[in-house]
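None of the values given here were measured: they were computed from a predicted structure. One is the number of the first residue; the rest follow in order along the sequence.
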Amino acid sequence: MSGPAIGVLAIQGDFEAHAKVLERLGARARDVRTREDLEGLDGLVIPGGESTTMTLGIDREGLAEPLRDLIRSGTPTLGTCAGLIMLDQEHLRLLDLTARRNAFGRQSQSFEADLELNGFGPVRAVFIRAPWVEEHDPEVEVLAELDAHPVAVRQGDVLAVAFHPELTGDDSLHRWLVERANGAIRR
């Protein structure tokens, strides 16, 4: 049996890097640009990029409701950097939180940090024009903070982080997604 089909929203951002990590872990990565690309997915990645451009692309392709339906149905989802923003209450309204764009500064203020992610252990995190979680409901589990701001959260089958795990050699977050997607196939 082949691995789970995991879509990577390919409207803007470094979606190819996510696809490579997923394929290395045995998943079948699929670029998602249209509604039809969402059919038959076992998991989803909403990558980093520029949230305004992503919003325009999602609107142009009529993807907002199909994405909401897919994720609300329990499809395991990983959102990274701008993906965290896209999942918040001001965008796709899938996580009970609001994110602050460019919270750590502009591109020139990008940095790396070692984080301890609850349930994952230590990870090296690359922050590029990164958001943080400004406010969140109690249902949102905070997995890691930086400077007293949440930068990794989970709610149900959605994991969202303010950094770029695809840029490091640590595949633990993608492995979580593949394992969850495999579990969804078995159910």
field: Value rounded to 0.5 Å, distance of CD in E166 from CG in D14
entry: 5.5 Å

- prompt: What is the distance from atom CZ of R175 to atom CG of L78, rounded to the nearest 0.5 Å?
  reply: 13.0 Å

Geometric class of the F127/F111 ring pair [parallel <30°, tilted 30-60°, perpendicular >60°]: parallel

Beyond-backbone contact of P165 with T80, side-chain heavy atoms, under 4.5 angstrom: yes

Chi angles and distances behind the salt bridge (charged side-chain N to carboxylate O under 4.0 Å, His left out) call for K20, E23: CA-CA 5 Å; K20 287 178 184 173; E23 288 170 355; over 6 Å; no

Spacing of CD belonging to Q89 relative to NE2 belonging to H136, to within rounding of 0.5 Å: 13.5 Å

field: side-chain contact (heavy atoms from CB on, under 4.5 Å) between D88 and L94, intermediate numbers included
entry: CA-CA 6 Å; D88 84 353; L94 289 160; over 6 Å; no

- prompt: Checking side-chain contact (heavy atoms from CB on, under 4.5 Å) for the pair L9/M86: CA distance, chi angles, key distance, verdict?
  reply: CA-CA 11 Å; L9 188 63; M86 296 309 300; 5.9 Å; no

Q155: partners by side-chain contact (heavy atoms from CB on, under 4.5 Å), with sequence neighbours left out: L95, D96, E139, V140

message: The criterion is side-chain contact (heavy atoms from CB on, under 4.5 Å); which residues satisfy it with E116, sequence neighbours excluded?
response: P122

Main-chain N/O of D37 paired to R30 side chain as donor or acceptor, under 3.5 Å: yes

message: Which residues pass the side-chain contact (heavy atoms from CB on, under 4.5 Å) test with R24, not counting sequence neighbours?
response: V21, D171

query: Under 3.5 Å, is there a donor-acceptor pair between the side chain of R101 and the main chain of P131?
result: no

message: Tell me every residue that passes side-chain contact (heavy atoms from CB on, under 4.5 Å) with R35, counting only those two or more places apart in sequence or in another chain.
response: L63, P66

- prompt: Taking the side chain as C-beta and beyond, is there a heavy-atom pair between E65 and D69 under 4.5 Å?
  reply: yes

message: If you define the side chain from C-beta out and look only at heavy atoms, does anything of L22 sit under 4.5 Å from L177?
response: yes

- request: Inspect the contact between E112 and R124 and indicate whether a charged nitrogen and a carboxylate oxygen are less than 4.0 angstrom apart.
  value: yes

query: Do F15 and L67 belong to the same hydrophobic cluster, where Ile, Leu, Val, Met, Phe, Trp and Tyr are linked whenever their side-chain heavy atoms lie under 4.5 Å apart, directly or via other members?
result: no

- prompt: Do V153 and L146 share a hydrophobic cluster (ILVMFWY, side-chain heavy atoms under 4.5 Å, transitive)?
  reply: no

task: Please name all residues satisfying ring pair (Phe, Tyr, Trp, His ring centres under 6.0 Å) with H149, sequence neighbours left out, ordered by chain then number.
output: W132

- prompt: Under 4.5 Å between any side-chain heavy atoms of L87 and I71, yes or no?
  reply: yes

- prompt: Apart from L167 itself, which Ile, Leu, Val, Met, Phe, Trp or Tyr residues share its cluster (side-chain heavy atoms under 4.5 Å, direct or through members)?
  reply: V126, I128

message: The test is side-chain contact (heavy atoms from CB on, under 4.5 Å); show your working for L117 and L173 and say whether it passes.
response: CA-CA 10 Å; L117 253 72; L173 302 181; 3.8 Å; yes

Interatomic distance, L41 atom CG to S73 atom OG [nearest 0.5 angstrom]: 10.0 Å

task: Could you go through the side-chain contact (heavy atoms from CB on, under 4.5 Å) check for L143 and L159 one step at a time?
output: CA-CA 9 Å; L143 304 178; L159 175 63; 3.4 Å; yes

field: Lys/Arg-Asp/Glu bridge criterion (N-O < 4.0 Å) met for D157, R180
entry: yes

query: Does any non-hydrogen side-chain atom of E90 lie less than 4.5 Å from one of I85?
result: no

